[in-house]
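The structure under discussion appears below in the form of structure tokens.
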Amino acid sequence: MVRAGQIGPEVGSARPEADRWVVERPKRPEHGDLSTNVAMALAKTARKPPRAVAEALVAALRGLEGDVVAAAEVAGPGFVNLRLHPAVFQQEVERVLHAGAGWGRAPSAIGERIDIEFVSANPTGPVTVASGRNAVLGDSVARLLEASGHRVTREYYINDRGNQVRAFADSVRAAAEGREPPENGYKGAYVAELASWLKGVAPELLTGADVEALGRACVTWMLRGVPGSPTLPGIRPSLAALRVHFDVWFSEESLYRWDAVAAVMRQLEAGGYLVENDGALFFRAPDGALEDKDRVVRKSDGTWAYFASDIAYFADKIARGYERLINVLGADHHGYVARVRNALGALGLPQDRFEALLYQLVYITKGGEAVKSSKRAGNIVTVDEVMDEIDEAAGRKGAGADALRFFFLSRSANSNVEFDIELAKKKSLDNPVFYVQYGYARLRSIQRRAEEIGLAPRAVPLPGDLAMLSHPDELALCHKLSDFPGMIAEASRTREPHRVVFYVQELARDFQSYFTRLKNEQDPILPPRSVHANADWQGSWNVAKTRARLAWIEAIRITYAQALGIVGIEAPERMERPAEGDAADVVAEDAGDER
RNA sequence: GCCUCCGUAGCUCAGCGGAAGAGCACCGGGCUUCGAACCCGGGCGCAGAGGUUCGAAUCCUCUCGGGGGCUCCA
């Protein structure tokens with residue numbers, strides 16, 4: 001039975017997996033407010049045609065028509081479509097207002113302790129557009145998980161040792177000495193920039209023999225950024241500009257310093273999981289493992305491969321008590337998943353705690369032509385460049401972060417993304433994020449005007465007011481609001497923030513459509529100036545209806561704000577029309593992360 | 001060869017057992033009043049073939065096409 005004011009969750013819970021029937025929200029309004037296929041599912045056991053079962057069900061429902069169900073009818077092959085009383089939708093407004101900032105969110109007591117590791121790009125260059133997808137996806141999944149009651153730690157794993165760091169240090173040193181970078185070295189302009197900065201702050205590292213110390217210094221400044229340098233904004237500040245923040249920055253090198261790597265290797269050795277071949281050490285997965293290839297942990301030159309410290313790192317995370325370890329990884333790391341699970345199994349740790357969130361790669365094009373680039377070659381495009389361009393075009397700081405986040409989050413992780421430099425240049429203001437934000441600013445504008453004439457939009461509606469919500473668009477939007485908690489729960493469960501983006505886009509469209517319709521119907525929400533200029537305007541105006549609509553608008557605003565918060569997009573109080581003129585140049589690059 | 005993601009409207013993509021969608025582009029229309037960065041109207045589209053099912057864009061198999069992986073690895 002559907003209970004008034006509880007449309008959303010009831011729909012979600014009315015899904016016994018054992019049976020094959022559901023009560024669901026039809027996509028098309030002419031199919032009613034709720035719909036069920038139960039008659040079709042029962043037709044077989046009842047040995048009657050689906051429509052006959054449906055007719056019987058509708059006849060039984062007739063007696064129940066009352067406060068909730070307004071009409072029931074048989075449709076199509078045997079669907080039972082229900083129409084609900086307006087009161088069911090009207091009460092949804094109170095439900096949202098009552099929940100306020102907690103609307104759509106689950107209490108944190110029910111969740112897991114989750115560690116989500118994302119970005120973790122090699123700290124040998126600025127944050128690229130490709131890493132930007134990882135950052136935005138990981139961050140929004142983290143926000144979603146929190147919204148659905150989990151306790152989340154956001155973690156960035158710093159690969160601050162190994163071949164790449166050494167090559168980076170060598171390149172910086174070469175630049176400091178005016179030489180060409182070595183073979184496989186880094187060639188970007190920021191390398192020279194970093195070299196000249198280090199000359200000022202730590203010249204002894206550039207001339208000394210300790211490459212590892214130099215490498216650590218290079219990584220440190222790469223993460224922090226060099227003050228005032230456009231080519232070296234720093235990984236942490238760049239991510240912060242994208243509204244991506246971490247709780248833990250975990251150093252790979254520290255795993256060696258604490259002998260954590262040695263410890264797990266001893267354990268694997270004792271279990272017989274390590275085999276030597278041609279002077280190198282391999283991890284051999286247990287029989288029946290997910291993948292049976294041997295994986296290098298120590299190369300024949302005696303240096304440890306990344307996989308060695310990765311094992312120690314995962315063991316450390318489990319020791320820290322997380323119930324779930326999520327890694328956000330590009331599809332090119334897909335082979336890594338089985339390897340990590342095998343290693344956890346060999347250590348006697350629970351394999352199923354590790355969950356890989358894979359996303360397909362970002363392709364950079366320019367006017368439709370593929371652009372190949374890499375961090376080492378130095379022809380990268382950074383998130384900072386893109387965000388700056390869009391900020392400038394829109395005339396608002398943060399517009400670039402909004403546009404970039406929306407762009408990456410408006411498709412599923414399973415979908416390849418093409419990022420076209422030319423298009424980004426020309427079309428930055430066409431990003432649908434601005435449409436969505438405009439809708440929010442418009443809501444706030446109505447609320448401000450209401451306050452000016454003494455109608456506080458956030459006041460709880462008086463008893464009976466909400467019955468004034470009768471416009472079909474208003475009731476339809478109430479229904480849309482009732483979908484919100486279930487949508488959040490589902491998006492969290494499936495780790496799919498793009499659902500939130502689509503939802504908020506639909507919410508924006510529905511509201512803006514309604515708003516224009518009211519204008520055409522000459523049925524304004526607020527009294528026009530000619531009315532409220534009169535001192536006792538409240539006597540000649542349907543104030544209850546206005547109060548109801550303002551309460552309803554506040555419910556929409558709350559939902560809007562919650563949705564935007566989860567995808568990390570700003571909900572602006574106002575939006576000014578951007579200045580005329582061409583958008584400035586925007587550049588981009590590809591998934592050139594060598595990790 | 002094996003594993004994996006994808007193929008839905010001109011383009012970019014949602015939908016992933018239940019009654020085919022959005023944005024952009026294109027064509028036409030709409031601002032004296034609460035924000036036109038807007039709204040309204042215009043669509044012969046699920047790569048192909050089998051199978052499972054009352055019902056398949058959705059699940060299974062195969063074919064075709066594209067992306068990504070597959071032991072001294074970043």
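Quick note on labels: first sequence line is chain A, next is B, and so on, each numbered from 1.
The distance from the CZ atom of Phe282(A) to the CG atom of Leu274(A) is 11.5 Å, given to the nearest 0.5 Å. The structure places OG of Ser120(A) at 9.5 Å from NE2 of His333(A), a figure rounded to the nearest 0.5 Å. Within the model, atoms CG of Asn163(A) and OG1 of Thr124(A) stand 12.0 Å from one another, a figure rounded to the nearest 0.5 Å.
When both distances must be under 3.5 Å, the Watson-Crick or G-U wobble mate of A36(B) does not exist. Pairing for G43(B) is absent, judged as Watson-Crick or G-U wobble with the two contacts each under 3.5 Å. Across all strands shown, U61(B) pairs with A49(B); the Watson-Crick or G-U wobble distances both stay below 3.5 Å. With both pairing distances under 3.5 Å, C13(B) is matched to G21(B) as a Watson-Crick or G-U wobble pair. In a base pair of the Watson-Crick type (N1 to N3 plus N6-O4 or O6-N4) or a G-U wobble (N1-O2 and O6-N3), with each distance short of 3.5 Å, C2(B) is matched with G69(B).
If you take CZ of Phe434(A) and C1' of G35(B), they are 17 Å apart, rounded to a whole angstrom. Rounded to an integer number of Å, the gap from CG of Leu518(A) to P of C40(B) is 13 Å. Put simply, CD on Glu73(A) is 13 Å from C1' on A19(B), counting in whole angstrom units. Note: CZ (Arg517(A)) to C1' (G30(B)) measures 13 Å, nearest angstrom. Regarding Leu357(A), its CG atom lies at a distance of 20 Å from the P atom of G68(B), rounded to whole Å. To the nearest angstrom, P of G68(B) lies 14 Å from OH of Tyr359(A). When rounded to the nearest whole Å, the span between OH of Tyr435(A) and P of G35(B) equals 17 Å. Atoms NE2 (His498(A)) and C1' (G23(B)) sit 15 Å apart, rounded to a whole Å.
Among the atoms of the strands shown, only primed sugar atoms or phosphate atoms (P, OP1, OP2) are found under 4.0 Å from some heavy atom of Ser412(A). Contact annotation for Arg449(A): backbone-only contact, meaning every heavy-atom pair under 4.0 Å involves sugar-phosphate atoms and none involves a base. Looking at heavy-atom distances under 4.0 Å, Gln512(A) makes contact with sugar-phosphate atoms alone, never a base. Nucleic acid contact for Asp510(A): none, since no nucleic acid atom lies under 4.0 Å from a heavy atom of the residue. As judged by a 4.0 angstrom heavy-atom cut-off over every strand, Glu30(A) is placed among residues making no nucleic acid contact. If you check every strand for non-hydrogen atoms under 4.0 Å, Asn277(A) touches a base. Within the nucleic acid shown, Asp278(A) comes within 4.0 Å of at least one base atom, counting heavy atoms only.
Heavy-atom nearest nucleotides on RNA chain B were determined for Arg298(A) and for Ser410(A), and the one closer to the 5' end corresponds to Ser410(A). Comparing Thr36(A) and Arg509(A) by the nucleotide of RNA chain B that holds the closest heavy atom to each, the one mapping nearer the 5' end is Thr36(A).
Aromatic ring pairs are classed by plane angle as parallel below 30°, tilted from 30° to 60° and perpendicular above 60°; the pair His532(A) and Trp537(A) is perpendicular.
Distance from the side chain of Ser415(A) is smallest for A14(B) among the nucleotides A14(B), G35(B), G18(B). In the set C3(B), G18(B), C13(B), the nucleotide with an atom closest to the side chain of Glu24(A) is G18(B). Counting only heavy atoms from C-beta on, Arg499(A) has its side chain closest to C16(B) among A36(B), C16(B), C38(B). Checking A19(B), C39(B), G35(B) against every side-chain atom of Thr516(A), the shortest atom distance belongs to C39(B). Nearest to the side chain of Arg411(A), among U12(B), G66(B), G23(B), sits U12(B). Taking every side-chain heavy atom of His334(A) into account, C3(B) is the closest of U71(B), C72(B), C3(B). The Phe282(A) side chain lies nearest to U71(B) when the options are G18(B), U71(B), G68(B).
Checking the phosphate oxygens (OP1, OP2) of C38(B), no side-chain nitrogen or oxygen of Ser513(A) falls inside 4.0 Å. The side chain of Arg442(A) contributes an N or O atom lying less than 4.0 Å from OP1 or OP2 of A36(B). Between Ser445(A) and G35(B) there is a side-chain N or O to OP1 or OP2 distance below 4.0 Å. Phosphate contact (OP1/OP2 of A36(B), side-chain N/O of Lys519(A), threshold under 4.0 Å): present. Contact annotation: Asn414(A) reaches the phosphate of C6(B) (side-chain N/O to OP1 or OP2, under 4.0 Å).
Proximity of Asp523(A) to Lys545(A): side-chain heavy atoms (C-beta onward) are separated by under 4.5 Å at one or more points. In this structure the side chain of Asn122(A) never reaches within 4.5 angstrom of the side chain of Phe168(A), judged on heavy atoms. Counting heavy atoms from C-beta outward, Asp278(A) and Ser300(A) have side chains that stay 4.5 Å or more apart.
Using a 5.5 Å limit on the distance between ring centres and a 30° limit on the angle between planes, the aromatic ring of Phe79(A) counts as stacked on the six-membered base ring of A19(B).
The gap from the P atom of G45(B) to that of U8(B) amounts to 14 Å, rounded to the nearest Å. Comparing the P positions of A22(B) and C39(B) gives an interatomic distance of 13 Å, to the nearest angstrom. Between the C1' atoms of U12(B) and G50(B), the separation comes to 32 Å (whole Å). Taking atom P on both C44(B) and G7(B), the two are 23 Å apart, rounded to the nearest angstrom.
For G18(B), its base sits under 3.5 Å from the side chain of Asn37(A) at one donor and acceptor pair at least. In the interface, the side chain of Ser35(A) is paired with the base of A19(B) through a donor and an acceptor atom under 3.5 Å apart.
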Give every donor-acceptor pair under 3.5 Å between a side-chain atom in residues 401-410 of chain A and any protein atom, sequence neighbours left out.
| residue | atom | partner | partner atom | Å |
| --- | --- | --- | --- | --- |
| Asp402(A) | OD1 | Arg243(A) | NH1 | 2.7 |
| Asp402(A) | OD1 | Arg243(A) | NH2 | 3.1 |
| Asp402(A) | OD1 | Glu570(A) | N | 3.1 |
| Asp402(A) | OD2 | Arg396(A) | NH1 | 3.2 |
| Asp402(A) | OD2 | Arg396(A) | NH2 | 3.4 |
| Asp402(A) | OD2 | Gln437(A) | NE2 | 2.9 |
| Arg405(A) | NE | Val567(A) | O | 2.8 |
| Arg405(A) | NE | Gly568(A) | O | 3.4 |
| Arg405(A) | NH1 | Asp139(A) | OD2 | 3.2 |
| Arg405(A) | NH1 | Leu242(A) | O | 2.8 |
| Arg405(A) | NH1 | Arg243(A) | O | 3.4 |
| Arg405(A) | NH2 | Asp139(A) | OD2 | 2.6 |
| Arg405(A) | NH2 | Ser140(A) | OG | 3.1 |
| Arg405(A) | NH2 | Val567(A) | O | 3.2 |
| Ser410(A) | OG | Phe406(A) | O | 3.0 |
| Ser410(A) | OG | Phe407(A) | O | 3.1 |

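Taking the centre of each ring, Phe79(A) and His31(A) stay at or above the 6.0 Å mark.
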